[in-house]
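Below: the structure, in C-alpha cells.
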Amino acid sequence: MHAIVISAQGGPEVLEYVERPDPVPGEGEVVVDVAASGVNFIDIYHRSGAYPLELPTPIGSEGAGTVSAVGPGVRDVAVGDAVAWVNVMGSYAEKAVVPAGRVVPVPDSVPTDVAAAAMLQGMTAHYLTHSTHEVREGDQVLVHAGAGGMGQLLIQLAKLKGAKVYTTVSTSEKEKVAREAGADEVLRYDDFTEALRGKIDVVYDGVGKATFDGGLEVLRPRGLMALYGAASGPVPPLDPQTLNKQGSLFLTRPTLVHHVAAREELLWRASDLFGWITAGQLAINISRRYPLAEARQAHEDLAARRTTGKLLLLP
C-alpha cells in the first residue's frame, strides 16, 4: 500500500509518498481501506515540528473507509463496516490501522467522504458549542475565520442553538461563504474589535496571535474566550490580571482529545453530527479533493489559506 510518512520535521517537502507493507491488525485493532483522509492544521503542526514526534512516522489523524480486517478481541466491528475515526496517526494512507474502540459507525445516509470531512472539525465544533460553552438561544457569539471549514461548522451549530453569530473573514469571496453558512454579521479582521466591543458572550478563536487581544476586548464582563487553534501563530504568554481588568473574563485552551476520551462521549458527538448531516441541518463543505500523492500541495494550500471549507486526500 501507499502512505505519507515524514522522516524529518519541516516544510511540506518532508512529506514522502512511499510504499509500505499492508498492515495487519493487532489485538483490539481493525484495518480500514481508507476512502478519504482529512487534512487539518494539526497535521501541519505535526509535520512542521510545532508538535514534536518520534521519527520516522506516518502522518494524518482523521479518515473514513471500510473495515477490511479485524484483530483478535474485536467484537463490535466487522469486516465490511463503514467507519470513521479521528486522532489516530497514520491516516494519510491507503490502509490504516485503528483501535476498534476509536472507530464510529457511519450510517448509510452519510457518504464516506463526508464522514471523513466531518470528524475532527465537526467534533471540535460540537464540543465547543455543547461543552466548552453550551450555546443558548440569544447568545452573542463571535466565530473567527468564518469561511474556513471549522468556522462554517461553528456558525451552523451556534445558529442551530439560537445564537446571533458574528464572524470575521479577509475577503469578499469569503464573506459570501460565511453568510451562506448562516452568519448574521460578517466583519473584517481590522474592524471587528470596535464594532463588537463589550457585546460578545463567547469568542471561538482558531486564529490565535493575530486576533486574540481584540477578541478579549469584545467580550462582555464574565465572557469566555475559547482559544482552540493558532493558525496565525501561538498567543504570547498572558498575565492573568488582564482577565480581571477586562471584566473577570474566562479563558480556556481546549482540545478534542479530552472531549472524546470516553467511548460514550465519542459516540454521542458522532451520532449528533451524522444525525444533523442526514437531516440537512449541517452542511459539510468539501472545498478540494487531492490524490494522496499530492499531500504536499494540500498542506501548502491550507497553510496559505487558498481554500474555504475542508480538504481531503483520496487514496
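Keep in mind it's a predicted model, so treat the numbers as computed, not measured. These values consider heavy atoms only, across backbone and side chains, with no hydrogens, waters or symmetry-generated copies.
- Cluster membership check: Val86 does not share its hydrophobic cluster with Val88, using side-chain heavy-atom separations under 4.5 Å among Ile, Leu, Val, Met, Phe, Trp and Tyr.
- Remark: side-chain polar atoms of Ser232 are paired, donor with acceptor, to backbone N or O of Lys209 under 3.5 angstrom.
- Here the side chain of Thr168 pairs a donor or acceptor atom with the backbone of Ala145 at under 3.5 angstrom.
- In this structure the side chain of His2 never reaches within 4.5 angstrom of the side chain of Pro315, judged on heavy atoms.
- Ion pair Glu300/Arg296 not flagged as a salt bridge, since none of the NZ, NE, NH1 or NH2 atoms sits closer than 4.0 Å to an Asp/Glu carboxylate oxygen.
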Inset, instruction - Let me see the working for Thr57 and Ile6 under side chain to side chain contact (heavy atoms under 4.5 Å, CB included), right down to the final yes or no. - result: CA-CA 6 Å; Thr57 184; Ile6 59 172; 3.7 Å; yes

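- Counting only heavy atoms from C-beta outward, the side chains of Leu153 and Ile284 approach each other to under 4.5 Å.
- Around the CG atom of Asp239, the shell of radius 6.0 Å holds more than 12 heavy atoms that belong to other residues, nucleotides or ligands.
- Put simply, the side chain of Asn40 never gets that close to the backbone of Asp43: no donor and acceptor are under 3.5 Å apart.
- Of all the heavy atoms in Val30 and Ala100, the pair that sits closest is CG1-CB, 4.1 Å.
- Between Lys95 and Asp33, the closest side-chain pair of non-hydrogen atoms falls below 4.5 Å.
- In the hydrophobic clustering of this structure, Val39 groups with Leu120; members are Ile, Leu, Val, Met, Phe, Trp, Tyr whose side-chain heavy atoms approach within less than 4.5 Å, directly or through other members.
- Nearest approach of Val97 to Glu29, heavy atoms of both residues: CG1-OE1, 3.3 Å.
- Heavy atoms from other residues, nucleotides or ligands lying under 6.0 Å from CD of Glu137 number 12 at most.
- Under the 4.5 Å side-chain heavy-atom criterion for ILVMFWY residues, a single connected hydrophobic cluster contains both Phe41 and Met89.
- Residue-environment remark: NZ (Lys199) exceeds the threshold of 12 foreign heavy atoms within 6.0 Å.
- A donor-acceptor pair is defined here as one N or O able to donate and one able to accept, closer than 3.5 Å; no such pair exists between the side chain of Ser91 and the backbone of Ser37.
- In the hydrophobic cluster analysis, where Ile, Leu, Val, Met, Phe, Trp and Tyr join through side-chain heavy atoms closer than 4.5 angstrom, Phe274 is grouped together with Ile286.
- The two atoms that bring Arg102 and Val260 nearest to each other are NH2-O, 2.8 Å, heavy atoms only.
- By the 4.5 Å heavy-atom criterion applied to side chains, Leu267 and Val104 are counted as neighbours.
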Inset, instruction - For side chain to side chain contact (heavy atoms under 4.5 Å, CB included), just list the numbers for Lys164 and Glu185, CA-CA rounded to whole Å, side-chain angles, deciding distance to a tenth of an Å, and then say yes or no. - result: CA-CA 9 Å; Lys164 180 169 184 177; Glu185 294 193 27; 3.4 Å; yes

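- No donor-acceptor pair closer than 3.5 Å links the side chain of Asp81 to the backbone N or O of Val83.
- Ring geometry for His259 versus Tyr127: interplanar angle under 30°, hence parallel rather than tilted (30 to 60°).
- Atom CG of Asp191 sits in a crowded spot, with more than 12 heavy atoms from other residues, nucleotides or ligands closer than 6.0 Å.
- Side-chain atoms of Gln9 come within 3.5 Å of backbone atoms of His46 as a donor-acceptor pair (strictly under, hydrogens ignored).
- Judged purely by atom type and a 3.5 angstrom limit, Gln156 uses its side chain to pair as donor or acceptor with the backbone of Ala283.
- The side-chain heavy atoms of Val14 and Ser7, taken from C-beta on, include no pair separated by under 4.5 Å.
- In this structure, a donor-acceptor pair under 3.5 Å is absent between the side chains of His133 and Asp201.
- Aromatic ring pairs are classed by plane angle as parallel below 30°, tilted from 30° to 60° and perpendicular above 60°; the pair Tyr92 and His299 is perpendicular.
- Tyr204 and Phe250 fall within the same hydrophobic cluster, where Ile, Leu, Val, Met, Phe, Trp and Tyr residues are linked whenever their side-chain heavy atoms come under 4.5 Å apart, directly or through other members.
- Between Glu94 and Pro23, every side-chain heavy-atom pair lies at or beyond the 4.5 Å cut-off.
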Inset, instruction - Could you go through the side chain to side chain contact (heavy atoms under 4.5 Å, CB included) check for Leu313 and Val34 one step at a time? - result: CA-CA 10 Å; Leu313 297 177; Val34 179; over 6 Å; no

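- Here the CD1 atom belonging to Ile44 is positioned 4.0 Å from the CG atom belonging to Leu302, to the nearest 0.5 angstrom.
- A heavy-atom distance below 4.5 Å is not found between the side chains of Ser109 and Ile277.
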Legend entry - Residues Met150, Val143; criterion side chain to side chain contact (heavy atoms under 4.5 Å, CB included); working and verdict: CA-CA 9 Å; Met150 262 306 309; Val143 174; over 6 Å; no

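- Looking only at distances, a side-chain donor or acceptor of Arg263 sits under 3.5 Å from a matching main-chain atom of Gly101.
- Proximity of Pro58 to Arg20: side-chain heavy atoms (C-beta onward) are separated by under 4.5 Å at one or more points.
- Here the rule is side-chain contact (heavy atoms from CB on, under 4.5 Å) with Val141, and of Val202, Thr167, Leu154 only Val202 fits it.
- Between the side chain of Glu19 and the backbone N or O of Met1 there is no donor-acceptor pair closer than 3.5 Å.
- Residues Leu142, Tyr166, Leu187, Phe192, Leu196, Ile200, Phe212, Leu216, Val218, Leu219, Met225, Leu227, Val235, Leu238, Leu243, Leu249, Leu251 make up the rest of the hydrophobic cluster containing Val203, defined by ILVMFWY side-chain heavy atoms closer than 4.5 Å, directly or through other members.
- Ring geometry, His130 versus Trp276: the interplanar angle falls from 30° to 60°, so the pair is classed tilted.
- Classification of Lys310 and Glu62 as a salt-bridged pair holds, one side-chain N sitting under 4.0 Å from a carboxylate O.
- Taking each heavy atom of Trp85 and Ala96 in turn, the nearest pair found is CZ2-CB, 4.0 Å.
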